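In what follows, a single structure is set out as structure tokens and then discussed.
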Amino acid sequence: MSAENTPKNFICQIIDADLASGKHQRIVTRFPPEPNGYLHIGHAKSIVLNFGVVEDYAGRCNLRFDDTNPAKEEAHFVEAIQEDVRWLGYEWSELHFASKYFGQLYGFAVELIEKGLAYVCDLSPEEVRAYRGTLTEPGRESPWRNRGVEENLDLFRRMREGKFPDGSRTLRARIDMASPNMNLRDPALYRIRHGLIHHQTGDAWCIYPMYDFTHPISDAIEGVTHSLCTLEFEDHRPLYDWVLDNISIGCHPQQIEFARLNLEYTVMSKRKLTQLVDEGHVSGWDDPRMPTIAGLRRRGYTPEAIRDFCNRIGVTRADSTVEMGMLESAIRGDLDACAPRRMAVLQPLKLVIVNWTEDHEEILRGPNHPKNEDMGTRELVMTREVWIDRDDFREEANKKYKRLVLGGEVRLRNGYVVRADEVVRDEQGEIVEVRCTYDPETLGRNPEGRKVRGVIHWVPVPRAVHAQVRLYDRLFRVPQPGRDGNFLADLNPDSLRVIDGAVLEPSLGEAAVGERFQFERESYFCRDIEDAAGGRPVFNQIVSLRDSWGG
RNA sequence: UGGGGUGUCGCCAAGCGGUAAGGCACCGGACUUUGACUCCGGUAUUCGCAGGUUCGAAUCCUGCCACCCCAGCCA
């Protein structure tokens, strides 16, 4: 699945060169999520890149939780993230937590202080901001910038011992307050945070290292060779290098940035996804409309399709927004080959076959896949009354409409050809029944002297399995939610359509949770984990079938 | 208006000085007991723009333009 014919992306080209030059014998990467939310399709791009690259080069990839901000993180997320990575089909070489390095990190901070490259700053957050300058004006040096090493050492030790309140002091790198790169204007290395219970370290620490200090060191400790991250960290690379260049650590991974994934009609930021969940705009992180791995999984997407999608979109440094059609194509491709075919009627209209013996049931067989006999067949039951979709019948229509028309014929999929003779209406004049005649000579063969172009699906009325079907549309109604204003205003009010009166062919009564099918001529569906009222199964629409008719 | 990036078909994306891959989408046509799948065929004289170098440029140089990121004690 790793795209044999796709040309190598720029990162693989760098790796090729590093291997060829002997800079590295073996590649080591890492996927470093912060456990403050669920993984989404954008993370999948990074996962497929990091884990995929080491599969291709026989290297190693670690899963490392970047858990340096206990205020936002939860143990629950670290569990979910591991589940998602595994579900995507990957196993990490080593499982790490940046928090496990807190001791070493502290030591390296001390080293920087001893070298005069870090100092304890007493400025308040507001003052720090004021001193930092702006994009066009240099910052001013903190009045605490030139404290002596011993004083800094003492202060830092007391910070760790909990002697100072939150926000009162920070440990800062001593770099250059006039740097045009804001990240180099004496960035904070440690901040004080009391009263938090870290999911891994509990209350052992009251000072926590910042990302810019933690990340390069964590990478180096693990012997990472290529530290892949997204474009917004590009400006941080000089700091990443500065940290490693100034401490005693014999490893200096290369940070390489690539463009993050943007998908049309959805949002990818954890902040926004969290908001959708917290404010109840969706049912949860695994709502089938969410671009989260959990949501896609519940929706019925396969790991194979997601990996294929990630390989298809490529890896570059150019900002891009991928069309939803790209993702849909990937899942359709996988499901077309693997999903057993079934028949289900979403908008039932009764068809009565007047020349069929009352109460007579005939067992028919339908192939599970039209092109793969190995997938076998399943039993179908033909009865005098069957459900067909309201859209598959019209009293009159032009020749482009190849379904059932009054006076015309159509084949019942996997069954006989029937002719519509008359319609029955209710008091409101709405058609409630179509009376037909079937041709007993047409099972498995074409009728003599005429051609029947249309084929429609059906479900036997007395054997129908009643179910709830959930149809999904894009979560947002515009390609770039929030582009002009609040993204919530762009939510698509019709993203979920619940169909309570769907009827399914008998065999679907045994569908297992998570099982995927193609409901022929409709869409691909997946049995949901929850049932609807009355114990009826719920089926989630994974993706529609391609429709080139449009009628 | 400081710094860092990016601009190749509607959307992704190859290309790395020798005369524009591929995928998605789209449009034709074939096949079809899924208007699905599959299969054929079509779709950039042109690479953000303008100059320049060269026998030759999307690829090199110069200058513009557009868009993205950075002023968290978030990651």
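Proteins get letters first, then strands, A, B, ... in listed order; numbering begins at 1 in each. Because the structure is predicted, anything quoted here is derived from the model rather than measured.
Glycosidic conformation at B/G72 (O4'-C1'-N9-C4 for purines, O4'-C1'-N1-C2 for pyrimidines): syn, within 90° of 0.
B/A36 and B/U32 have their C1' atoms separated by 10 Å, with the value rounded to a whole Å. Rounded to whole Å, the P atom of B/U1 lies 33 Å from the corresponding atom of B/A57. Taking the C1' atoms as reference points, B/G52 lies 46 Å from B/C40, given to the whole Å. B/G72 and B/U62 are spaced 40 Å apart, taking the C1' atom of each and rounding to whole Å. For the C1' atoms, the distance from B/C70 to B/A14 is 31 Å, rounded to whole Å. Spacing of C1' atoms, B/C69 relative to B/C74, comes out at 16 Å, to the nearest Å. Rounded to a whole angstrom, the distance from the C1' atom of B/C60 to that of B/C24 is 33 Å.
Looking at A/Y211 and A/N69, their side chains never bring a donor and an acceptor atom within 3.5 Å of each other.
Of all nucleotides listed (B/U38, B/G23, B/A75), B/A75 comes nearest to the side chain of A/Y211. With B/G2, B/A36, B/C74 as the choices, the nucleotide that has an atom nearest any side-chain atom of A/K72 turns out to be B/C74. In this structure, of B/G5, B/C12, B/U34, it is B/C12 that holds the atom nearest to the side chain of A/I313. Each of B/U38, B/G5, B/A25 was ranked by its minimum atom distance to the side chain of A/K371; first place goes to B/U38. Distance from the side chain of A/R312 is smallest to B/G23 among B/G7, B/C73, B/G23. Minimum atom distance to the side chain of A/D547 is reached by B/G35, of the listed B/A36, B/A75, B/G35. Closest to the side chain of A/M210, from the set B/A75, B/U34, B/C24, is B/A75. Of the candidate nucleotides B/G35, B/A71, B/U38, B/G35 has the atom nearest to the side chain of A/K402. Candidate nucleotides B/A71, B/A75, B/C26 were compared by shortest atom distance to the side chain of A/N69, and B/A75 ranks first. Relative to the side chain of A/R546, the nucleotides B/A25, B/U34, B/C73 differ in distance, and B/A25 lies closest.
A cation-pi contact links A/R140 to A/Y131, judged by a cut-off of 6.0 Å to the six-membered ring centre and 45° from its axis. Under a cutoff of 6.0 Å and an axis angle of 45°, A/R169 and A/F164 form a cation-pi pair. Judged by the 6.0 Å distance and 45° axis criteria, A/R403 is not positioned over the aromatic ring of A/F393.
Applying the 3.5 Å distance criterion, the base of B/U34 shares a donor-acceptor pair with the side chain of A/Q518. Put simply, the side chain of A/E232 and the base of B/C70 share no donor and acceptor less than 3.5 Å apart. Side-chain atoms of A/R317 stay outside donor-acceptor range of the base of B/U6, with no qualifying N/O pair under 3.5 Å. Between the base of B/G2 and the side chain of A/E137 there is no donor-acceptor pair shorter than 3.5 Å. Between the side chain of A/R403 and the base of B/G35, a donor-acceptor pair under 3.5 Å is found. Put simply, the side chain of A/D235 and the base of B/G3 share a donor and an acceptor less than 3.5 Å apart.
Residue contacts shown for A/G325 are limited to sugar-phosphate atoms, with no base heavy atom under 4.0 Å away. Using a 4.0 Å heavy-atom distance criterion, A/R341 is classed as a base contact. As judged by a 4.0 angstrom heavy-atom cut-off over every strand, A/H236 is placed among the base-contacting residues.
Pairing for B/G2 goes to B/C70, judged as Watson-Crick or G-U wobble with the two contacts each under 3.5 Å. Taking a pair to require two hydrogen-bonding distances under 3.5 Å in either a Watson-Crick or a G-U wobble arrangement, B/C39 pairs with B/G29. Within the shown strands, B/G18 is the pairing partner of B/C55 under the Watson-Crick or G-U definition, both distances less than 3.5 Å.
Residue ring and base: A/W549 counts as stacked with B/G35 (centre distance below 5.5 Å, interplanar angle below 30°).
In this structure, A/W205 and A/Y106 have tilted ring planes: the angle between them lies in the 30° to 60° band. The aromatic rings of A/W285 and A/Y38 lie parallel to each other, with less than 30° between the two planes, well short of the 60° mark.
Nearest-nucleotide mapping onto RNA chain B: of A/D166 and A/Q13, the residue sitting toward the 5' end is A/Q13.
More than 12 heavy atoms of other shown residues, nucleotides or ligands fall within 6.0 angstrom of atom CZ in A/R477.
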